[in-house]
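As the structure is a prediction and not an experimental result, all values here were calculated from the model. Order of listing sets the numbers, starting from 1, for every ligand and every atom in it. We number each residue from 1, following the sequence as shown.
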Amino acid sequence: MANICVGITGGIAAFKAVTLVRELGRRGHSVRVAMTRSAQKFVGEATLAGVTGTPVLTELFGVPGEPHVALGDWSDLMVIAPATMNAIAKLAGGLTDDPVLTTASCMRGPILVAPAMHHRMWDSPATQRNIRILREDGISFVGPESGPLASGASGMGRLSEPETIADAAEAMLASSGELSGLRVTITAGPTLEDLDPVRFLGNRSSGKMGYAIARAALRSGASVRLISGPVSLRAPQGVELINVRSALELHAAVFDALENSDVLVMAAAVADYRPKTKAEAKVKKSDGAWSIELVRNPDILAEVGATRAAGSHPGLTLVGFALETSDAVERARGKLERKKADLIVANLAADSFGKDSNRVTFVTRSGANAIEQASKDAIAAALVREIASLRTTGRE
Ligand code: CTP
């Protein structure tokens with residue numbers, strides 16, 4: 001059973017945090033509480049101290065005699081419920097001016113946030129931007145849900161029910177540790193192939209899937225190296241980030257990383273071709289057409305597969321993606337064989353490109369496992385489980 005810290009911030013839904021704390025305790029976890037000053041206007045410190053049987057952290061300077069990092073050190077997981085718009089903004093900005101934020105700032109384990117606020121506050125660009133930042137930082141969310149709000153209005157912003165939050169917390173605890181001790185290298189994003197100093201050939205990969213896998217692998221206890229093409233995402237805290245631009249740079253970075261990798265996930269959309277030459281100076285327009293001769297880039301996944309088949313890196317688990325416009329699973333089976341991978345994640349461009357959700361099938365030598373439409377974070381968590389089970393059953 002886990003040590004869980006519940007951080008309560010100041011919204012009317014704070015009363016539900018008492019039920020959450022009791023529910024987590026009922027499920028066998030040890031629970032401690034940190035509260036902001038405004039949370040104490042909605043629910044009493046004595047109630048939570050009574051329910052948990054331990055002192056509640058209500059002051060920035062902690063429980064007397066305990067350093068301010070103690071609660072973050074003790075907790076396997078922190079649940080912030082309810083998280084107000086203000087708390088979410090401060091968390092995204094890295095502020096630490098109350099006991100909930102201070103504890104979050106030095107958590108050694110994952111953080112689950114359960115937002116609750118008026119629907120217009122939830123919809124505001126600032127909140128949505130802060131949620132994106134926090135997701136990129138590896139923080140998970142449960143809710144909010146749609147329904148009647150304290151103000152009398154109705155809409156998105158209700159705190160999820162305590163049982164739902166407890167379920168989400170337990171799912172996170174269950175998912176951590178699956179890749180514990182493993183070194184996972186993930187490639188993400190597009191590669192850009194330069195024509196001259198200002199022009200390039202590229203593709204529309206956003207990198208979202210690869211970055212979600214990096215977050216899920218981190219949560220599962222792996223040490224993560226993220227080799228990324230140019231994207232507009234922030235790497236989660238705790239990964240080793242290697243930035244690359246072209247397929248050849250990606251190729252070099254992957255082969256450098258192989259020696260220290262137990263798992264390689266090729267989520268990058270690697271350009272299959274590059275211009276034969278790159279002009280040193282900007283190419284000036286002329287009246288005629290511009291023909292560009294393209295040459296093949298190495299197929300990195302296939303090369304790694306071939307190297308492994310020849311006896312190098314025998315312990316490596318090799319995962320590729322197949323982005324198709326039709327017959328994704330059939331084609332993924334072909335790629336699994338041709339590229340000598342252990343697992344191909346098959347998906348359709350229409351379900352995936354630039355979106356936050358996707359629908360995929362995991363294709364291995366032992367079969368196909370279809371995952372229903374889900375967020376890229378949920379798919380990444382499922383992929384981590386699939387990789388963990390491949391490593392325990394061995395390569396078939
Ligand atoms: N990949 C790679 N190097 C390349 C191209 C692709 O390592 N030059 C990897 C991708 O990261 C992905 C997998 O190979 O994991 C599948 O990529 P995809 O472009 O779908 O496969 P191709 O073999 O290029 O198939 P197609 O025949 O559709 O071009």
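Within ligand 1, counting atoms from 1 as listed, the ones closer than 4.0 Å to a heavy atom of L323 are 20 (O). Listed by number with element, the atoms of ligand 1 under 4.0 angstrom from any heavy atom of G320 are 15 (O). When each atom of ligand 1 is checked for a heavy atom of L301 under 4.0 Å away, the hits are 2 (C), 7 (O), 9 (C), 13 (C), 14 (O), 15 (O). Contact atoms of ligand 1 toward P298: 3 (N), 4 (C), 8 (N) (distance under 4.0 Å to a heavy atom of the residue). Residue contact check: M266 has heavy atoms under 4.0 Å from atoms 7 (O), 11 (O), 12 (C), 15 (O) of ligand 1. Atoms of ligand 1 lying under 4.0 Å from any heavy atom of A268, numbered from 1 in the order shown and given with element: 10 (C), 11 (O).
Atom 3 (N) of ligand 1 is flagged as protein-proximal [any protein heavy atom, distance under 4.0 Å].
Of the heavy atoms in T187, none comes closer than 4.0 Å to ligand 1. Counting heavy atoms under 4.0 Å from ligand 1, residue A247 does not touch it at all. At a heavy-atom distance under 4.0 Å, only side-chain atoms of K339, from C-beta outward, approach ligand 1.
Taking only nitrogen or oxygen atoms, main chain and side chain alike, A302 does not reach within less than 3.5 Å of ligand 1. Note: an N/O pair closer than 3.5 Å links I300 and ligand 1 by distance alone.
Nearest protein neighbour of atom 16 (C) of ligand 1, counting heavy atoms only, is F321 O, 2.7 Å. Nearest to atom 18 (P) of ligand 1 among the protein's heavy atoms is K335 NZ, 3.7 Å.
Considering CZ of R391 and CG of L182, their distance stands at 5.0 Å, rounded to 0.5 Å. Between atom CG of residue L112 and atom CD1 of residue I80 there is a gap of 9.0 Å, rounded to the nearest 0.5 Å.
Relative to atom 29 (O) of ligand 1, the option among N297, D272, T325 with the closest non-hydrogen atom is D272.
Judged by distance alone, with hydrogens and angles left aside, the side-chain atoms of N347 form a donor-acceptor pair with the main-chain N or O of A322 at under 3.5 Å. Looking at N297, its side chain does come within 3.5 Å of a backbone N or O of A271 through a donor-acceptor pair. A donor-acceptor distance shorter than 3.5 angstrom exists from the side chain of T102 to the backbone of D98, with no hydrogens or angles considered. Side-chain N or O atoms of S220 include none that pairs as donor or acceptor with a backbone N or O of G177 at under 3.5 Å.
One finds no salt bridge joining E193 and R274 here, because no Lys/Arg side-chain nitrogen approaches an Asp/Glu carboxylate oxygen to under 4.0 Å. The residues E337 and R365 are annotated as salt-bridged, a charged nitrogen and a carboxylate oxygen being separated by less than 4.0 angstrom. Salt bridge D167/R27: present, at least one basic N to carboxylate O contact under 4.0 Å. With salt bridges taken as basic N to acidic carboxylate O contacts below 4.0 Å, none links D256 and R225.
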